[in-house]
Amino acid sequence: MAEPKTKYDRQLRIWGEQGQAALEKASICLLNCGPTGSETLKNLVLGGVGSITVIDGSKVEVSDLGNNFMVDESSVGQSKAKCVCAFLQELNDAVKAKFIEEHPEALIETNPSFFSQFTLVVATQLVEDSMIKLDKICREANVKLIFARSYGLTGFVRVSVKEHTVIESKPDHFLDDLRLNNPWPELKSFAETIDLNVADPVAHKHTPYVIILVKMAEEWAKTHGGGLPSTRDEKKQFKELLKTGMLAVEEENYKEAIEASFKVFAPRGTSSDLQQIISDSCTEVDSNSSDFWVMVAALKEFIVNKGVGEAPLEGSIPDMTSSTELYVNLQKIYQAKAEADFLVIEQRVRNILKKIGRDPDSIPKTMIKSFCKNARKLKVCRYRPIEDEFNNPSLPQLQKYLTDEDYSMAMGFYILLRAVDRFAANYNSFPGQFDGAMDEDISRLKTTAVSLLSDLGCNGSPLTEDLINEMCRFGASELHAVAAFIGGIASQEVIKLITRQFVPISGTFIFNGIDHKSQLLAL
């Protein structure tokens, strides 16, 4: 067997050893192993999850051979869960795999405590009634839950957890933490030792832009009542001031300073997102509080006291034109400040843990360090119970989506995916599932959808005839291409939840295979 580091090399570069370790400890339960469920689990097995349990009470039929690559002709008539489980085990022998030949709906009804043993449940192709029941079960047991469903050329993915906290949110674009708008004493002192008017052209063009901006900002503040550039004209003047410092047009360090001058104009203190987190009622911690909220409580104390309104410094600097000596010295100053901030927060974490009656060393040093490094990028995700969304969706949002040209198709699919479940409950089959009843099914589905919209308070918001016809034409089929796409999205969200890295989707993800569009609905 390949060494884990070699085997998982590519993904280790994305979520690191800590993320991989979390995956390898995870226990995943899949409900229904049709193409959507099989594709979701395939991605997770290849990623190296600890164990999988496949729940499905159906047998492999000839029709399954056309949309599920994890069964073949020899599987016909056998347990679908058994066949899919065996195939997935072949993909990665390091993953423990087992199956239970039982219908998920029956398990939800008769043995709700069964689900509490898992880290996460992936529920595919469930109807509305079972979704609501399972959501309640998983929330009570504190088990993460993801719903996924493909239906003809549409499908959805919905995350459902009470609360999910993220330290390593890894945003695509985020401002460097250089504190050019609020330098601390050691950075100021270091900047004072460097002369921007040095006669040596080599030394002049190898002064790091961080130093240029710190010194120029200080010079500006002296003549502007201690303030930094804020208006458009002032920002323009500041850039002109930077240009006057150039000895030659090809000085890259000054060009970098001009390009990075917006970092001086950035507002001081914490962002509104972080302010919201440190103002959360969960910062009033007790012995039952999670490690995350204990660290946030420590962060809140730090910002108010030692941090003087700022979060702890990250401690890294980007590449820049500089002499090696100046760059290394600058790096050391940033690292020293980050270490000092970390030590203050670590002590506060230990004190809080002691105060609430927990072991002061119960939160590892590495976790506190990671928390400090990512303090400005923390995320807290909370999801409405499925029942709340289904029975009391946000009416203004619902109406906005239905009338918005960009969202009306996605919203139409959302309504119809719910309407087909009502249809099935009333007529014991999905619309268009059987030949010969298409016209009648179209009429029935239209009536069901109008009734559903009326129940949600959206009278007079008809869905297009074309969309209703298409939904009937789908006949509740699972197309492999759509199932693979929905499975890919679902498995991506599973990995985010388990590794606690990146931010999971908020709202209901709708795939529209007709227009090749994906959209999120926040209801």
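The first residue in the sequence is number 1, and the count goes up from there. Below, all heavy atoms of this structure are taken into account, side chains as well, without hydrogens, waters or symmetry copies.
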Just checking, any donor-acceptor pair under 3.5 angstrom between side chains of [X] and [Y]?
| X | Y | result |
| --- | --- | --- |
| N111 | S113 | yes |
| T124 | N32 | no |
| S74 | D72 | yes |

Quick one: [atom1] on [X] to [atom2] on [Y], what's the gap to the nearest 0.5 Å?
| X | Y | atom1 | atom2 | result |
| --- | --- | --- | --- | --- |
| L523 | N392 | CG | CG | 12.0 Å |
| W293 | D280 | CH2 | CG | 4.0 Å |
| F502 | D172 | CZ | CG | 8.5 Å |
| T154 | K517 | OG1 | NZ | 12.5 Å |
| M295 | I345 | CE | CD1 | 10.0 Å |
| L44 | L30 | CG | CG | 9.0 Å |

In chain order, what residues pass the side chain to side chain donor-acceptor pair (under 3.5 Å) check against [X], with sequence neighbours excluded?
| X | answer |
| --- | --- |
| S506 | none |
| E478 | T36 |
| N67 | none |

Would you say [atom1] of [X] has more than 12 non-hydrogen atoms from neighbouring residues, nucleotides or ligands within 6.0 angstrom?
| X | atom1 | value |
| --- | --- | --- |
| Q276 | CD | no |
| K446 | NZ | no |
| E17 | CD | no |
| E140 | CD | no |

Per the ring pair (Phe, Tyr, Trp, His ring centres under 6.0 Å) rule, what does the pair list look like for residues 71-123, sequence neighbours excluded?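 As it turns out, the ring pair (Phe, Tyr, Trp, His ring centres under 6.0 Å) pairs with a partner in residues 71-123, which skip direct neighbours, are F114-F118.
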
Check for a donor-acceptor pair, side chain of [X] on one end and backbone N or O of [Y] on the other, with a separation under 3.5 Å.
| X | Y | result |
| --- | --- | --- |
| D56 | C33 | yes |
| N512 | D515 | yes |
| Q20 | G47 | yes |

Testing the basics here: between [X] and [Y], what is the closest heavy-atom pair and its distance to 0.1 Å?
| X | Y | value |
| --- | --- | --- |
| V60 | S75 | CB-O, 3.3 Å |
| G48 | Y8 | CA-OH, 3.3 Å |
| D135 | L145 | CA-CD2, 3.6 Å |
| L46 | N92 | O-ND2, 4.1 Å |
| I386 | M131 | CD1-CE, 4.4 Å |

With a 3.5 Å cut-off and sequence neighbours excluded, list the donor-acceptor pairs that the side chains of residues 483-494 form with protein atoms.
from : atom 1 : to   : atom 2 : distance (Å)
S491 : OG     : N43  : ND2    : 3.0
S491 : OG     : G487 : O      : 3.0
S491 : OG     : G488 : O      : 3.0
E493 : OE1    : I505 : N      : 2.9
E493 : OE2    : K496 : NZ     : 3.0

By salt bridge (charged side-chain N to carboxylate O under 4.0 Å, His left out), which residues pair with [X], not counting sequence neighbours?
| X | value |
| --- | --- |
| R384 | none |
| K300 | none |
| R500 | none |

Listed by chain and number, what are the side chain to side chain contact (heavy atoms under 4.5 Å, CB included) partners of [X], not counting sequence neighbours?
| X | value |
| --- | --- |
| D129 | K133 |
| S362 | L353, R358, D359 |
| E346 | F342, L343, R350, K365, I368 |

I'd like to know whether E314 forms a salt bridge (Lys or Arg N to Asp or Glu O under 4.0 Å) with K377, so could you lay out the CA-CA distance, the side-chain angles of the two residues, the decisive distance to 0.1 Å, and finally the verdict. CA-CA 11 Å; E314 284 178 30; K377 305 165 192 167; 3.7 Å; yes

Give the table of side-chain donor-acceptor pairs shorter than 3.5 Å for residues 425-439, with sequence neighbours excluded, one pair per line with atom names and distance.
from : atom 1 : to   : atom 2 : distance (Å)
N426 : ND2    : R422 : O      : 3.3
Q433 : OE1    : F430 : N      : 2.7

Passing option when F509 is tested against V157, L521, V159 for side chain to side chain contact (heavy atoms under 4.5 Å, CB included):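 When side chain to side chain contact (heavy atoms under 4.5 Å, CB included) is applied between F509 and each of V157, L521, V159, only V157 qualifies.
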
If you draw the axis of the six-membered ring of F174, does the NZ or CZ of R376 fall within 45° of it and under 6.0 Å from the ring centre?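 No cation-pi geometry.
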
Is the F292 ring parallel, tilted or perpendicular to the F371 ring (thresholds 30°, 60°)?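 Correct class here is perpendicular.
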
